[in-house]
Chemist: 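One structure, as structure tokens, below. Some questions next.
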Amino acid sequence: ASEGSDLPEYVNWKEPETLIIHSDNTLETKRSAFGTASITPEDRLYIRNNISPPPSSIVEDRDSWEVSIEGVAEPRTLTLAELKTMGIETVTMVLQCSGNGRAYFDHDPSGTQWQLGAAGNVMWTGVPLRSIVEALGGVAEGAEYVTGTGGEELPEGIDPLSILVERSVPLEAMEDILLAWDINGEPISLAHGGPLRMVVPGYTGVNNVKYIKKIAFTEEESPARIQQTRYRLMPVGEEGGPQWPSVWKMDVKSWITGPLDNRGAGPVLVTGVAFGGTTPVDSVEVSVDGGETWHQADFVGPDLGRFAWRPFVLAVDLEPGNYMLVSRATDSEGNSQPENFEPNQSGYSHNGWRAPGVEIAVS
Ligand code: MSS
């Protein structure tokens with residue numbers, strides 16, 4: 001760990017005062033670190049690794065990293081240097097763990113007790129997967145999924161499928177997928193998936209496979225446990241399995257980022273962030289009385305596209321008293337955040353507006 005902080009070695013370059021350390025493999029961004037920033041800096045971005053990352057040697061000679069493309073007319077292994085000649089695009093998107101908000105469920109789902117900081121808004125640059133597919137003669141007939149495999153070294157002596165990070169998303173996601181080498185304009189750190197990451201805009205964190213070493217167009221979903229039984233929305237008390245819906249597309253969501261502390265009476269800007277998942281966020285309302293009355297907030301900063309979040313503000317004048325600040329976003333298809341999100345066994349995909357409310361006292 002870096003001097004004076006408890007950050008694990010591989011992320012000791014992060015800003016410790018902006019992070020909640022749940023474990024070496026799970027770090028959450030503090031609510032107070034979001035403010036009204038359009039982009040989350042990499043040194044504040046949350047971390048989630050299902051298994052230990054590969055050795056840092058893989059980001060020493062980035063251009064020689066190889067990814068194999070299968071399930072296309074002309075399968076091939078391509079180096080990062082080659083990918084860089086095949087096309088380039090940038091997408092700004094919310095990266096959010098499937099379990100963000102788990103702490104707000106009442107049935108105590110096991111797993112990291114994320115509040116709302118297992119998320120950030122980041123800008124990725126890389127080659128569109130569709131450009132690669134075009135160069136390799138198109139997707140093989142019958143393919144229904146894009147299946148991405150992570151490049152971790154698997155420990156010996158255990159069933160590889162029980163631990164392999166390999167995720168499948170529906171073929172329709174291909175339109176927006178990038179194989180990214182830059183985050184916020186810099187080469188991606190090892191912690192966030194460098195030298196190469198598959199990013200699937202609008203889909204939850206787990207689908208964005210780090211250190212991507214294979215992309216296959218497949219007829220079936222990956223047989224890995226992370227696909228078949230985990231990251232599924234099953235009712236409370238049920239075991240995971242392929243019969244339950246996979247955690248894929250994100251839903252509309254928002255949260256308050258300030259004020260967070262008690263204060264004296266007077267004018268204050270209530271701030272937050274809002275996003276729509278795969279559809280753009282359209283509007284956001286704020287309530288200071290726990291949802292009794294709502295006021296339309298204004299977006300601030302640039303519109304960075306349909307997968308990005310938008311910071312918002314509402315000016316209010318607070319008299320002495322107790323307040324409960326909440327926000328409720330609506331996407332461009334008219335979907336709004338529910339007051340309470342229906343529980344699911346593993347505590348995924350929480351987007352209820354009430355539970356993340358902020359209580360403050362004004363004197
Ligand atoms: N990838 C890989 N390769 N490995 C691992 O472990 N994880 C997941 C993703 N990807 C992994 C991957 C998850 S689960 C998440 S969230 C994400 O990632 C995170 O990211 P960052 O960068 O933030 O760390 Mo939950 O749904």
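Just so it is clear, the structure is predicted and the values come from calculations on it, not from any experiment. Atoms within a ligand are numbered from 1 in the order they appear, just like the ligands themselves. Here, residue 1 is the first one in the sequence, and each next residue gets the next number.
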Chemist: Give the numbers and elements of all ligand 1 atoms closer than 4.0 Å to a heavy atom of H192.
Modeler: 21 (P), 22 (O), 23 (O), 24 (O)

Chemist: For this output row, return yes or no: ring centroids of W65 and Y211 closer than 6.0 angstrom.
Modeler: no

Chemist: Any chance the rings of Y231 and Y348 have centres within less than 6.0 Å?
Modeler: yes

Chemist: Got the closest protein heavy atom to atom 23 (O) of ligand 1, with its distance?
Modeler: Y46 O, 2.8 Å

Chemist: Considering only protein heavy atoms, which is closest to atom 9 (C) of ligand 1, and at what distance to one decimal place?
Modeler: G205 O, 3.3 Å

Chemist: Just to be sure I read this right, does ligand 1 sit under 4.0 Å from the backbone of V165, its side chain, both, or neither, counting only heavy atoms?
Modeler: side chain

Chemist: Go through ligand 1 atom by atom and flag the ones less than 4.0 Å from a non-hydrogen atom of Y211.
Modeler: 3 (N)

Chemist: What atoms of ligand 1 come closer than 4.0 angstrom to any heavy atom of N49?
Modeler: 6 (O)

Chemist: Could you measure the distance from the CG atom of L179 to the CD atom of E89? Nearest 0.5 Å is fine.
Modeler: 11.5 Å

Chemist: What residue and atom, counting heavy atoms only, is the protein's closest point to atom 4 (N) of ligand 1, and at what distance?
Modeler: E152 OE2, 2.7 Å

Chemist: Would Y231 count as a contact of ligand 1 if the rule is a heavy atom under 4.0 Å away?
Modeler: yes

Chemist: Take R306 and D331, measure what salt bridge (Lys or Arg N to Asp or Glu O under 4.0 Å) needs, and give me the verdict at the end.
Modeler: CA-CA 10 Å; R306 68 189 169 116; D331 71 18; over 6 Å; no

Chemist: Run the salt-bridge test on E221 and R232 with the 4.0 Å N-O cut-off and return the result as yes or no.
Modeler: yes

Chemist: Using heavy-atom distances, let me know which of R230, R197, E28 sits nearest atom 17 (C) of ligand 1.
Modeler: R197

Chemist: If you define the side chain from C-beta out and look only at heavy atoms, does anything of R130 sit under 4.5 Å from E175?
Modeler: yes

Chemist: Quick one: does L80's side chain get under 4.5 Å of E82's, heavy atoms only?
Modeler: no

Chemist: Is there a side-chain contact between S346 and P109 (heavy atoms, below 4.5 Å)?
Modeler: no

Chemist: State whether the number of non-hydrogen atoms from other residues, nucleotides or ligands found under 6.0 Å of E239 atom CD is greater than 12.
Modeler: no

Chemist: Can you report which non-hydrogen protein atom sits closest to atom 10 (N) of ligand 1, along with the distance?
Modeler: N208 O, 3.0 Å

Chemist: What part of L95, side chain, backbone, both or neither, has a heavy atom within less than 4.0 angstrom of ligand 1?
Modeler: side chain

Chemist: Do any nitrogen or oxygen atoms of R48 lie less than 3.5 angstrom from nitrogen or oxygen atoms of ligand 1?
Modeler: yes

Chemist: G150 heavy atoms, cut-off 4.0 Å: which ligand 1 atoms fall inside?
Modeler: 3 (N)

Chemist: Closer than 4.0 Å to some heavy atom of S98 - which atoms of ligand 1 meet that?
Modeler: 25 (Mo), 26 (O)

Chemist: Inspect the surroundings of CG in D106 and state if more than 12 heavy atoms from other residues, nucleotides or ligands are less than 6.0 Å away.
Modeler: no

Chemist: Number the atoms of ligand 1 from 1 as they appear, then name those within less than 4.0 Å of a heavy atom of C97, with their elements.
Modeler: 16 (S), 25 (Mo), 26 (O)

Chemist: Among protein heavy atoms, which lies nearest atom 1 (N) of ligand 1, and at what distance?
Modeler: K210 N, 2.9 Å

Chemist: Please say whether Q96 places an N or O atom under 3.5 Å from an N or O atom belonging to ligand 1.
Modeler: no

Chemist: Starting from atom 11 (C) of ligand 1, what is the nearest protein heavy atom, named by residue and atom, and what distance separates them?
Modeler: N50 OD1, 3.6 Å

Chemist: Report yes if the side chains of R328 and V284 come closer than 4.5 Å at any heavy-atom pair, otherwise no.
Modeler: no

